[in-house]
Amino acid sequence: MSSIASTSLFMAILSLALLVLFTGSTSAQLSSPDFYSKSCPNLFPTVKSKVQSAIATETRMGASLLRLFFHDCFVNGCDGSVLLDDTSNFVGEKSANANRNSARGFDVVDDIKSAVESVCPGVVSCADILAITARDSVTILGGPSWDVKLGRRDAKTTSKAAADNGIPQQSFNLSSLLSRFNALGLSNTDLVVLSGAHTIGLARCTSFRPHIYNESNIDSSFARTRQSNCPSTNGTGDNNLAPLDLQTPTAFDNKYFQNLVQKKGLLHSDQELFNNGSVDSIVQSYLNSQTSFFSDFASAMVKMGDISPLTGSSNGEIRKNCRRAN
Ligand code: HEM
Ligand SMILES: *[C@@H]1O[C@H](CO)[C@@H](O)[C@H](O)[C@H]1NC(C)=O
Ligand SMILES: *[C@@H]1O[C@H](CO)[C@@H](O)[C@H](O)[C@H]1NC(C)=O
Ligand SMILES: *[C@@H]1O[C@H](CO)[C@@H](O)[C@H](O)[C@H]1NC(C)=O
Ligand SMILES: *[C@@H]1O[C@H](CO)[C@@H](O)[C@H](O)[C@H]1NC(C)=O
């Protein structure tokens with residue numbers, strides 16, 4: 001072989017190797033917010049106006065939409081799987097313990113998806129719509145904003161078991177909460193800061209009954225107040241609601257952390273974050289600075305949104321209807 005031929009052979013192999021390396025790495029990563037800037041230029045305003053009107057109709061919806069994104073990302077990554085209805089082939093996540101009689105906002109997501117489909121059909125994934133919707137909800141309720149990375153594709157299947165094993169439970173102690181978050185690449189700080197999402201929204205009596213009746217790390221007058229609308233017996237009043245943040249339940253602020261320090265966390269898992277344990281100082285830092293809460297919350301949401309997305313052209317799909325695979 002001439003030296004020119006062997007050089008060009010070498011160059012060809014090198015560029016092939018680089019190509020494989022390059023596409024291999026990008027197929028596992030999300031892109032910047034402008035992923036749809038050509039294919040769906042009006043995506044952001046379309047989603048935002050829908051989220052705005054849903055929250056104007058019912059303030060709690062902002063909380064419900066934020067929680068949907070969390071539940072999506074903690075089960076097989078952020079792939080829109082939480083939105084799938086059951087089929088004859090699988091029982092989905094909506095029946096899982098953490099979601100049954102609890103997860104809400106599916107109709108609003110359908111409505112947002114329809115609006116997006118009408119401006120750019122078949123282009124934007126349900127997983128990305130959830131990510132944008134969560135950000136808009138937080139911002140509209142007074143919290144921070146952030147650039148949402150995009151390019152996720154939608155799962156075609158899921159399972160109830162995956163959700164039962166993936167979503168942390170309110171009965172977990174601190175070490176179980178930490179290991180669930182750490183297993184997904186989220187840090188101890190991420191656990192605390194993301195739990196700050198409980199600055200908005202409501203919980204059912206069944207979720208906080210053991211904490212308000214049977215635990216000692218709770219302010220006694222707060223416990224009595226919550227007991228008044230949550231009977232001690234299982235079955236009665238299970239669905240009675242109470243705000244997760246007793247001070248400002250519809251505003252995204254750092255009052256949640258003040259509650260924890262005063263032993264007024266509603267859920268067992270909330271109070272675990274300030275119970276003479278290793279993350280007490282992180283709670284204290286967000287109580288001292290809403291600015292650092294906001295900036296860390298924004299970064300942690302981006303990090304959570306990065307949990308094993310489906311990307312590239314052959315993984316997953318762009319669902320037409322968020323409730324079912326195409
Ligand atoms: C750390 C582990 C977590 C546990 C154990 C937990 C548990 C819960 C429980 C039990 C409820 C009440 C559900 C009901 O009674 O119907 C709830 C509500 C909520 N959670 Fe969490 N959660 C956790 C983390 C998060 C994270 C990371 C986010 C978002 C970033 C989040 C956002 C919300 C919101 C916004 C609500 C209120 C939803 C509504 O009003 O519809 N949670 N959570
Ligand atoms: C936390 O819960 C796990 C699982 O139930 C248990 O094995 C562990 O001993 C508990 N840790 C503490 C510190 O209570
Ligand atoms: C409180 O604990 C007792 C004893 O373990 C148990 O029988 C009861 O069901 C618990 N009550 C609540 C509301 O968790
Ligand atoms: C009441 O419900 C809780 C939560 O669902 C459960 O852990 C507990 O065992 C139940 N207690 C009784 C006495 O049935
Ligand atoms: C922590 O420890 C102190 C001193 O032992 C105690 O007074 C307090 O109730 C404990 N729990 C919390 C949540 O601070």
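Indexing begins at 1, ligand by ligand and atom by atom, following the structure's order.
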Considering all heavy atoms of both residues, which atom of T250 and which atom of L141 are nearest to each other, and what is their separation? O-CD2, 3.6 Å
Checking side-chain polar atoms at under 3.5 Å, does S81 have a donor or acceptor matched by the opposite partner on N76? no
Between N259 and D245, do the side chains contain a donor N or O and an acceptor N or O under 3.5 Å apart? yes
Would you mind running through ligand 3 and noting each atom that sits below 4.0 Å from a heavy atom of P210? 14 (O)
Could you pull out every N or O of ligand 1 that sits under 3.5 Å from a protein N or O, with the distance for each pair?
{"from": "ligand 1", "atom 1": "15 (O)", "to": "R204", "atom 2": "N", "distance (Å)": "2.8"}
{"from": "ligand 1", "atom 1": "15 (O)", "to": "R204", "atom 2": "NE", "distance (Å)": "3.1"}
{"from": "ligand 1", "atom 1": "15 (O)", "to": "S207", "atom 2": "OG", "distance (Å)": "2.6"}
{"from": "ligand 1", "atom 1": "16 (O)", "to": "S102", "atom 2": "OG", "distance (Å)": "2.5"}
{"from": "ligand 1", "atom 1": "16 (O)", "to": "R204", "atom 2": "NE", "distance (Å)": "2.7"}
{"from": "ligand 1", "atom 1": "20 (N)", "to": "H198", "atom 2": "NE2", "distance (Å)": "2.9"}
{"from": "ligand 1", "atom 1": "22 (N)", "to": "H198", "atom 2": "NE2", "distance (Å)": "3.0"}
{"from": "ligand 1", "atom 1": "40 (O)", "to": "R60", "atom 2": "NE", "distance (Å)": "2.7"}
{"from": "ligand 1", "atom 1": "40 (O)", "to": "R60", "atom 2": "NH2", "distance (Å)": "3.4"}
{"from": "ligand 1", "atom 1": "40 (O)", "to": "L202", "atom 2": "N", "distance (Å)": "2.9"}
{"from": "ligand 1", "atom 1": "41 (O)", "to": "R60", "atom 2": "NE", "distance (Å)": "3.3"}
{"from": "ligand 1", "atom 1": "41 (O)", "to": "R60", "atom 2": "NH2", "distance (Å)": "3.3"}
{"from": "ligand 1", "atom 1": "41 (O)", "to": "S64", "atom 2": "OG", "distance (Å)": "2.7"}
{"from": "ligand 1", "atom 1": "42 (N)", "to": "H198", "atom 2": "NE2", "distance (Å)": "2.9"}
{"from": "ligand 1", "atom 1": "43 (N)", "to": "H198", "atom 2": "NE2", "distance (Å)": "3.0"}

In terms of atom number and element, which parts of ligand 3 are under 4.0 angstrom from non-hydrogen atoms of S232? 13 (C)
Closest contact, heavy atoms only, A103 versus L68: CB-CD2, 4.2 Å
Report yes if N214 has an N/O atom closer than 3.5 Å to an N/O atom of ligand 3; otherwise report no. yes
From F74 atom CZ to L186 atom CG, the distance as rounded to the nearest 0.5 Å: 5.0 Å
Heavy-atom count check: over 12 atoms from other residues, nucleotides or ligands less than 6.0 Å from D147 CG? no
Determine, using ring centers only, whether Y213 and F208 are less than 6.0 Å apart. no
Measure the spacing between NZ of K160 and CG of D86 and express it to the nearest 0.5 Å. 10.5 Å
Strictly by modelled atom types, are H71 and E93 linked by a side-chain donor-acceptor pair under 3.5 Å? no
Regarding D128 and R152, does a basic nitrogen lie under 4.0 Å from an acidic carboxylate oxygen? yes
Contact residues of ligand 2, where a non-hydrogen atom lies under 4.0 Å away: N173, S175, S176
Show which atoms of ligand 3 fall inside a sub-4.0 Å distance from at least one heavy-atom site of R209. 13 (C)
Approximate separation, where rounding is to 0.5 Å, of F44 CZ and D136 CG: 8.5 Å
